[in-house]
Amino acid sequence: MKGQAMASGRGVGKCENNHTGSFGYPTRPEEPYPFCSKCGRPMVWACANCQAALPDDSTELMEARFCRHCGTPYFEGAESA
Amino acid sequence: VRLELSYRAILLLVLVAIGIFAFARLWPIVVIVITSFIFMAALLPYVEWLTAHKVPRIASVLIVMLTILGILAGVAGLVGTASVNEFNNVRDNLPQDAKDTEDLLDKFGIHVQLQDRARNIDWNRIISGDAAINYGQRAVTIVLGIITVFVLTAYLLADTPRMNRFLYQFVPPGREPELGHWLQSLRNVVGGYIRGQVITSVVISVFTFVVLFSIGVPNAAAFAVLAGFVDIIPIIGAVIAVVMPTLAAFQESTTQAIIVLALLLLYQQFEDRILTPRVYGQTLNLPPVIVLVAVLVGGQLFGIPGVLLALPAAAVARVVLDYYLEQRRNISFVTPIASTDEIAAPDTERDDR
């Protein structure tokens, strides 16, 4: 279990192709799942470096590529973008 | 001038008209449903506390609702007995009280015949017959409304998890936290509203008790509790909170009644114009002037239910406005409107001059 989102038992995440998902909410999976159901890419639920949760505002979630707390990219290769 | 409307626009107008018509016709039911939702949100934390302590949900709802019923029955018992006693006193002493009032008014040069009118009141007609049926019908309507709110609140409390699932199924993946924030904001609104009501009820209860007790009016505690409870009901509540203790004080002396009437009326003005805007402004996070205006507008548009629901409605409007502004901020924060070059262009032009 990682980050604040994991600690609260619910959170949001996304894959490299910006497909968003969530866990712990009614009608959603109870645990974070490893792969995107739309494209099969790995899902990211928290910053790999500082474990901070992804932004829970949908607009910010769609646009976010770097962790706002430590600046670490969420996906490999995002540095060059 | 030629006005052309598409079939879609006409259909929309017809649907809006039907919606307004239905809303107006169903207004009493709308009030009952909204009131039940407010009570549901107010009582939900207690039900959830019990369910978190392994009490089954239905049992939790029953415990909470029976507790509320017990409190209401206690208050009704306390206030009901005092009210019946005072009514009997008023009825028995009215001719003498009318004579005292006549004498008092005479001193100020006002001549009225109150004693004869008091003697001629047909109490049997007032407390029985057509008048009783009329009042009885109104009372039955009010009691049925209260029972409906009570039962609906219990159903809503029992069905909260199912309602949550129902709501969340319409939300696209990744946007659930926003619905969570919305629901939390609505709970905060209801919580703030209830806190505001509790504060104003406690203040009026304490004030009424201090006034009645210090002047020596009987049943001071019962009237204080009554004032706190009827403070929830706009307009009529204020009348009850003032008239009942004044009548009780009238049984002691006319001077006491005048002092009680003056102080309680003064308090009502203080509550309406100063206390309510400030308290609800704090608990609902609204400017006091908006609280004052919202109550006036609600009362003018929808009468007593309008006054009752004006503050939660204003607070919800504030939540909607905050959400809209937050969205605008987020969009401008994450999506640059123009590239750096475009933003720099006007400065460059200015430098060239």
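Lettering of chains follows the sequences in order, A, B, ..., and the numbering in each one begins at 1. Because the structure is predicted, anything quoted here is derived from the model rather than measured.
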Scored by heavy-atom pairs under 4.5 Å with chain B, the best of A:Pro55, A:Gly24, A:Pro26 is A:Pro26

Please determine, among A:Ser22, A:Ser58, A:Gly13, the option with the most heavy-atom pairs under 4.5 Å with chain B. A:Ser58

Is the side chain of B:Arg318 donor-acceptor paired with the backbone N or O of B:Val189 at a distance under 3.5 Å, no angle test? no

Test side chain to side chain contact (heavy atoms under 4.5 Å, CB included) on A:Arg28 and B:Gln169; report intermediate values, then the result. CA-CA 9 Å; A:Arg28 305 286 183 238; B:Gln169 73 185 353; over 6 Å; no

Which bit of B:Pro161 is near chain A, if near means a heavy-atom gap under 4.5 Å: side chain, backbone, both or neither? neither

Over 60° means perpendicular and under 30° means parallel, so classify the ring planes of A:Tyr33 and A:Trp45, tilted if in between. perpendicular

Hey, can you tell me if B:Phe166 and B:Phe170 have their rings parallel, tilted or perpendicular (30° and 60° cut-offs)? perpendicular

